[in-house]
There are 2 protein chains.
Amino acid sequence: MRAARELDYRPNALARALRLQATRTIGLIIPDIRNDFYAHSATVLQGALEENGYRLILCISGGDAAHDRSYLRALVEHRVDGVVHVPSSPTSTRDLALPDAVTPLVELLRHSPEMRFDAVVSDDREGARALTRHLLELGHRRIAMLTGPAAYSTTRYRVDGYRDALREAGLDAESEVVEYGSYAPASGYAMTCEVLAREPRPTAIFASGSPLTGGMLRALAGHGLRMPHDVSVVAYEDPEWYAVSTPPLTCYALPLHEMGRVAAELIVRRAQQPAGERVPEIRRFSGTLVVRGSTGAPR
Amino acid sequence: MRAARELDYRPNALARALRLQATRTIGLIIPDIRNDFYAHSATVLQGALEENGYRLILCISGGDAAHDRSYLRALVEHRVDGVVHVPSSPTSTRDLALPDAVTPLVELLRHSPEMRFDAVVSDDREGARALTRHLLELGHRRIAMLTGPAAYSTTRYRVDGYRDALREAGLDAESEVVEYGSYAPASGYAMTCEVLAREPRPTAIFASGSPLTGGMLRALAGHGLRMPHDVSVVAYEDPEWYAVSTPPLTCYALPLHEMGRVAAELIVRRAQQPAGERVPEIRRFSGTLVVRGSTGAPR
DNA sequence: CTGAAAGCGCTAACAA
DNA sequence: TTGTTAGCGCTTTCAG
């Protein structure tokens with residue numbers, strides 16, 4: 001031991017992992033670290049993994065399916081014990097994530113259409129329904145929904161929930177205003193301008209993603225519209241800045257903490273389980289409607 | 001090749017790295033992924049490294065020096081080719097980062113007091129001076145500064161810059177209002193309440209970190225104060241939400257893109273250089289004052 | 001050009 | 001208890 005200290009010996013984790021056939025490392029692939037939704041999930045997941053004696057390698061795919069696949073491959077080659085994946089698109093996981101599934105994979109927040117993997121997601125349909133119903137109860141009848149790409153499972157579920165609520169209120173397809181774009185701020189801006197030009201103009205907007213919300217707010221300010229007086233606004237998820245925005249935003253807050261913990265548990269369990277014989281497990285979490293200052297009765 | 005494809009062969013990156021004595025991987029340690037300052041830097045750094053054929057392992061220290069050291073050790077044991085480090089405290093790097101410096105290390109955004117390593121930082125003193133001078137030119141004479149821990153080099157430089165500006169304007173130490181806390185939102189909230197209780201009440205506030213700024217805005221709203229009418233506000237750095245805040249925040253924007261690129265260049269160069277014989281290189285970058293709606297003449 | 005072998009640093013099994 | 005050795009999967013060198 002003294003010799004080790006004197007020589008400043010560092011065990012070689014590579015050789016160790018090679019010998020043990022286990023790295024005690026989990027890879028996480030997220031589309032964008034600057035999105036609070038993902039950043040928060042990553043933080044929570046890292047904490048939960050640490051408690052189980054696992055390390056986290058974080059990869060940022062930039063929302064690009066090719067990057068997604070390339071990182072997935074890199075992680076497999078680095079022999080991580082498992083991968084947690086927030087898919088950028090429904091095709092990201094296809095092909096990859098081997099048929100014999102050597103490396104276990106858990107999908108977080110979104111899941112790929114095949115549902116071949118464990119998934120930890122929010123109940124998007126229920127959440128969108130709750131937000132829309134809140135607006136309907138305030139008296140809004142013309143509600144525009146701003147969403148990301150239709151290819152995302154999250155987008156589809158949220159649109160479904162929006163429709164559910166309209167239908168329950170006795171509104172038909174005529175009154176639906178759904179704008180598909182991307183979750184980028186610029187897209188939120190453009191979609192907002194688009195729906196504001198519609199006749200009759202919507203009295204409320206449902207923003208279904210936080211970066212998009214930023215663009216929407218800028219567009220509303222640009223049109224000189226004030227919330228909730230001129231237009232009511234609700235948003236999915238609850239990044240910190242929603243509460244300090246003026247006015248604070250009504251939203252649907254997800255139990256990200258719990259979801260991260262469960263994802264960690266799942267992937268650790270799979271990592272210690274013999275491969276094969278895995279029955280995919282889907283865990284769906286409900287959030288809570290947080291009513292703040294951005295919603296009110298229509299003018 | 002066909003056999004490889006049929007067997008779904010995956011090269012073992014561990015064995016490869018063990019043999020080659022190089023992982024083509026750089027570790028990045030940041031205090032908090034949810035802080036846009038760090039998140040943006042990480043994104044930029046990852047992109048720049050990728051162009052050089054390097055991978056990024058991201059570690060989140062939670063602003064805790066013990067975590068910092070533990071991750072630093074883990075990265076060294078994983079034989080990363082280099083580490084980029086945003087120190088959580090001045091003591092993080094001490095002891096670790098070996099005397100004979102096997103693994104090269106570049107400090108980003110902040111640097112440790114010994115300056116034994118390469119560092120890529122912003123010119124905090126100049127930036128704080130520019131923001132303070134902007135407020136002075138608008139006529140403010142009582143400017144409160146809200147900062148993080150005095151132990152951070154960034155904090156110290158920013159306070160120095162604030163003092164420089166006051167002194168240049170002929171104000172003495174009497175007119176300084178500096179509040180030390182942490183960069184957490186809750187701390188921003190508390191510090192704001194604190195300085196608002198001072199007599200005479202400051203007419204302007206300088207928030208020296210973005211999570212802190214969120215707390216400050218909430219406190220101002222809680223006191224029913226409006227910007228820039230009741231109080232002017234400036235902030236260091238320019239996360240996206242400053243521009244969509246109401247009103248948009250006057251701030252000092254850093255060339256994060258360039259800084260990330262330079263950090264990547266430095267660490268890649270060091271990684272390919274034989275150990276020893278390294279003369280630490282400090283690169284300091286100036287930002288730009290972005291004047292927006294949160295600042296005006298005092299009432 | 002193809003094939004065999006050594007060795008990167010570690011752990012686990014086995015021998016002394 | 002202490003010491004030796006095989007082998008994880010790769011690359012590189014050297015022999016055929």
Asker: Whole Å only: how far is the CG atom of B/Leu18 from the P atom of D/dT12?
Answerer: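 Distance check: B/Leu18 CG to D/dT12 P gives 13 Å.
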
Asker: Whole-Å distance between D/dC10 C1' and A/Arg79 CZ?
Answerer: 11 Å

Asker: Does this structure show an ion pair linking B/Arg269 with B/Glu265, if we count only N-O contacts that are shorter than 4.0 Å?
Answerer: no

Asker: Is the closest basic N to carboxylate O distance between B/Asp8 and B/Arg10 below 4.0 Å?
Answerer: yes

Asker: Strictly distance-based, threshold 3.5 Å: is any side-chain N or O of B/Arg158 a donor or acceptor partner for the main-chain N or O of B/Ser208?
Answerer: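 Looks like yes, one N/O pair under 3.5 Å.
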
Asker: Sort and list the pairs that fulfil side-chain hydrogen bond (donor to acceptor under 3.5 Å, both in side chains) and have at least one residue in residues 12-31 of chain B, not counting sequence neighbours.
Answerer: B/Thr23-B/Asp81

Asker: Take the protein atom CG of A/Leu20 and the nucleotide atom C1' of C/dG9, then report the distance between them rounded to whole Å.
Answerer: 12 Å

Asker: Atom CZ of A/Arg19 to atom P of C/dA13: distance rounded to whole Å?
Answerer: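 After rounding, the gap between these two atoms is 8 Å.
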
Asker: Rounded to whole angstrom units, what separation is found between the CG atom of A/Leu14 and the C1' atom of D/dT11?
Answerer: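 Atom CG in A/Leu14 sits about 14 Å away from atom C1' in D/dT11.
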
Asker: Using the C1' atoms of five pairs at each end, what's the angle between the two axes of the helix from C/dC1-D/dG16 to C/dC14-D/dG3, to 10 degrees?
Answerer: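 Computed from the C1' atoms at both ends, the axes differ by 50°.
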
Asker: Provide, to the nearest angstrom, the distance between the CD atom belonging to A/Glu77 and the C1' atom belonging to D/dC10.
Answerer: 13 Å

Asker: Enter the distance from B/Leu108:CG to B/Arg283:CZ here, rounded to the nearest 0.5 Å.
Answerer: 12.5 Å

Asker: Among A/Ile30, A/Val84, A/Leu256, A/Val120, exactly one meets side chain to side chain contact (heavy atoms under 4.5 Å, CB included) together with A/Leu109. Which residue is that?
Answerer: A/Leu256

Asker: Figure out the CD/C1' separation between A/Gln21 and D/dG9, and round it to whole Å.
Answerer: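 Between C1' of D/dG9 and CD of A/Gln21: 9 Å.
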
Asker: Take the protein atom CG of A/Asn12 and the nucleotide atom C1' of D/dG7, then report the distance between them rounded to whole Å.
Answerer: 16 Å

